[in-house]
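Here the structure is laid out as structure tokens; the discussion comes afterwards.
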Amino acid sequence: MKGEYLKIEHVCKTFGRGEARSEVLRDISLEVARGEYIAIIGHSGCGKSTLLNIVAGLTEASSGYVFLEGREVAEPGPDRAVVFQNHSLLPWLTVYDNVKLAVDKVFAGRKTSPERHEWTLRNLELVHMTHALKKRPGEISGGMKQRVGIARALAMSPKVLLLDEPFGALDALTRAHLQEEVMKIHAELGNTVMMITHDVDEAVLLSDRIVMMTNGPAAHIGEIHRVELPRPRNRLELLADANYIAARGAVLEFLHKKSHYVEAA
Amino acid sequence: MLGLLGVVWQVLCSSPTASLPPPTKVLADTHELITQPFYDNGGNDKGLFWHLLASLKRVALGYTLAATMGIALGVLIGSSKWAMRALDPLFQVLRTIPPLAWLPLSLAAFRDGQPSAIFVIFITAIWPIIINTAVGIRNIPQDYRNVARVLRLNGAEFFTTIMLPAAAPYIFTGLRIGIGLSWLAIVAAEMLIGGVGIGFFIWDAWNSSLISDIILALVYVGVIGFLLDRVVAFAGKLIGRGTVNV
């Protein structure tokens with residue numbers, strides 16, 4: 001890995017003040033290399049989404065810093081595109097317009113109008129959604145909405161792609177299908193990705209490193225497991241792979257045993 | 001149902017001592033008014049069409065003003081906590097003032113019936129528009145705001161691409177209540193200010209003891225009020241682009 005690209009340094013987050021004060025994140029430090037796929041896993045309510053929002057700039061850290069390519073980031077921007085858990089497409093815009101809105105804003109002045117049109121279509125092609133350009137989000141399935149959400153994020157050409165439990169609300173088959181596509185896109189474009197998940201298989205299948213968070217309050221990074229599996233990965237072949245089983249075991253053991261030890265300590 | 005009501009009405013009002021005319025008599029009395037809505041004998045002696053048109057013109061003017069200013073003020077107090085705290089209590093008090101209570105004050109200010117009537121429409125219709133717009137703006141889901149922040153939309157872009165469409169269902173609820181209230185208020189206001197207008201027509205008919213004319217006018221007022229509501233609802237459907245459930 002060639003040096004840090006995204007760097008999270010001693011990030012803490014507390015909500016509220018006085019009696020109602022609750023410490024959500026305690027001293028999170030993490031370095032992510034360019035092109036790396038990181039999964040952050042933990043029990044629900046452990047503050048992993050808060051961490052993602054801090055990296056996105058949508059939530060302000062109580063202390064600590066986030067650096068991207070050596071520059072501190074404090075507010076949201078298209079260089080850290082987010083794929084929201086509930087897709088967050090604008091229901092009054094068509095599939096095409098939802099992506100085009102992002103493209104027009106991010107590439108205003110850098111691409112000509114026909115180029116922006118081309119770029120919008122290319123990103124929708126990546127997620128195989130060109131058949132529904134004129135449809136509104138209300139007229140397509142949950143999986144398709146999430147594809148469009150991914151296309152919108154990709155279309156911003158972000159330095160880091162932030163996925164907030166992107167497949168959490170989808171059925172198992174659709175989820176598997178989208179995971180395959182995200183792997184393909186990652187292989188093709190080499191994006192740096194930070195993904196929040198609570199699905200162990202998803203984390204192992206997709207990521208280079210799995211960051212395991214302890215239970216809240218005051219969650220912190222418990223363990224980091226490097227997934228030693230060559231790409232491209234095939235979910236069926238992996239089932240018998242020793243490294244896959246080991247990685248899965250490590251994460252499961254952490255989630256079901258160690259996260260509690262750390263909390264008690 | 002309508003037929004049944006007509007029969008009941010006919011039976012109830014058929015005795016010679018009844019104070020209201022039965023439907024058959026109403027039709028006979030108002031035959032001329034129904035068939036000749038466009039006559040114009042000068043002064044206030046005009047066909048019903050002209051009275052209704054005059055009322056609609058006033059409503060159109062006052063309501064357009066109310067819609068424009070109402071949405072602007074609603075956006076202001078919906079998006080700024082400071083404006084909300086400063087203006088909301090004032091609005092909550094002002095909106096409870098009955099429309100006609102404004103009429104003497106506006107007559108004193110404008111010294112003319114026409115602008116006073118328009119002002120009464122304006123002041124009646126504006127409150128539900130302001131309040132519903134503000135609620136709509138405040139209820140814009142955080143998700144959409146996050147999208148705007150990630151894209152770094154500026155104020156104007158946020159307003160047109162997110163704020164207005166997201167708040168459209170609420171805004172149109174306000175607009176629909178507003179148009180209904182305007183139509184209620186104009187009839188009452190015209191009774192007092194006189195001149196051409198359906199409200200004046202009704203009052204004039206009462207003074208001339210033409211009860212049948214009043215009943216006919218009421219039917220027209222009801223139908224037009226209903227149509228106005230449908231027109232605004234339809235506009236909402238068109239503009240809301242799928243986000244307004246009417």
Side-chain angles (χ1 to χ4, degrees), chain A residues 49 52-60 73-95 97-108 134-140 145-146 148-149 152-164 169, chain B residues 67 71-72 74-75 78-81 129 132-176 232-246:
Chain A
S49 282
L52 185 104
N53 281 337
I54 290 173
V55 176
L58 293 168
T59 304
E60 213 180 318
V73 290
E75 54 175 25
D79 54 346
R80 281 152 292 130
V82 187
V83 176
F84 298 95
Q85 182 175 7
N86 54 354
H87 65 79
S88 294
L89 298 178
L90 303 177
W92 51 88
L93 296 181
T94 60
V95 162
D97 286 335
N98 262 291
V99 179
K100 187 79 181 334
L101 173 71
V103 173
D104 279 347
K105 181 62 189 164
V106 174
F107 294 102
K134 292 265 184 294
K135 293 234 166 88
R136 289 188 208 287
E139 300 164 340
I140 57 178
K145 283 180 212 165
Q146 206 50 279
V148 179
R152 178 173 64 184
L154 288 172
M156 298 178 208
S157 295
K159 291 177 176 154
V160 181
L161 190 59
L162 302 171
L163 309 178
D164 187 3
Chain B
I71 292 173
V75 167
S79 40
S80 150
K81 269 208 177 103
I129 300 176
N132 280 284
T133 304
V135 170
I137 301 285
R138 242 174 283 145
N139 282 352
I140 294 175
Q142 190 59 39
D143 295 339
Y144 301 165
R145 294 183 190 274
N146 284 345
V147 170
R149 289 175 68 198
V150 168
L151 287 176
R152 294 208 178 126
L153 296 182
N154 63 34
E157 289 165 339
F158 180 68
F159 181 74
T160 52
T161 55
I162 303 218
M163 209 181 241
L164 280 189
Y170 291 88
I171 295 176
F172 274 96
T173 304
L175 288 175
R176 276 181 79 179
V232 175
F234 180 72
K237 225 176 190 169
L238 220 60
I239 296 170
R241 289 187 287 187
T243 58
V244 183
N245 299 314
V246 182

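Here is the naming used below: chain letters follow the sequence lines, and residue numbers restart at 1 for every chain. Heavy-atom basis, side chains included; hydrogens, waters and symmetry copies ignored.
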Practice task
Please check if atom CD in A/Glu60 has more than 12 non-hydrogen atoms from other residues, nucleotides or ligands closer than 6.0 Å.
Solution key: no
Handout entry: Euclidean distance, B/Arg145 CZ relative to A/Leu58 CG, rounded to 0.5 Å
Key = 13.0 Å
Practice task
Determine the option with the most heavy-atom pairs under 4.5 angstrom with chain B, choosing from A/Val106, A/Asn86, A/Leu89.
Solution key: A/Asn86
Practice task
State, yes or no, whether a side-chain contact exists between B/Leu151 and A/Met156 at a heavy-atom distance under 4.5 Å.
Solution key: yes
Problem - chain B contact via A/Arg152 - side chain, backbone, both or neither, heavy atoms under 4.5 Å - result: side chain
Practice task
Of all the heavy-atom pairs spanning A/Ser88 and B/Asp143, show the shortest one and how long it is.
Solution key: OG-CB, 3.1 Å
Problem - Closest non-hydrogen atom pair, A/Pro76 against B/Arg149 - result: CB-O, 3.5 Å
Practice task
Counting only heavy atoms closer than 4.5 Å, note whether A/Ala102 contacts chain B via side chain, backbone, both or neither.
Solution key: both
Handout entry: Sidechain-backbone polar pair: A/Trp92 side chain, B/Thr161 backbone, donor-acceptor under 3.5 Å
Key = yes
Handout entry: Distance in Å, B/Asn146 CG paired with A/Phe84 CZ, rounded so as to fall on 0.5 Å steps
Key = 4.5 Å
Problem - Value rounded to 0.5 Å, distance of NZ in A/Lys105 from CG in B/Asn154 - result: 5.0 Å
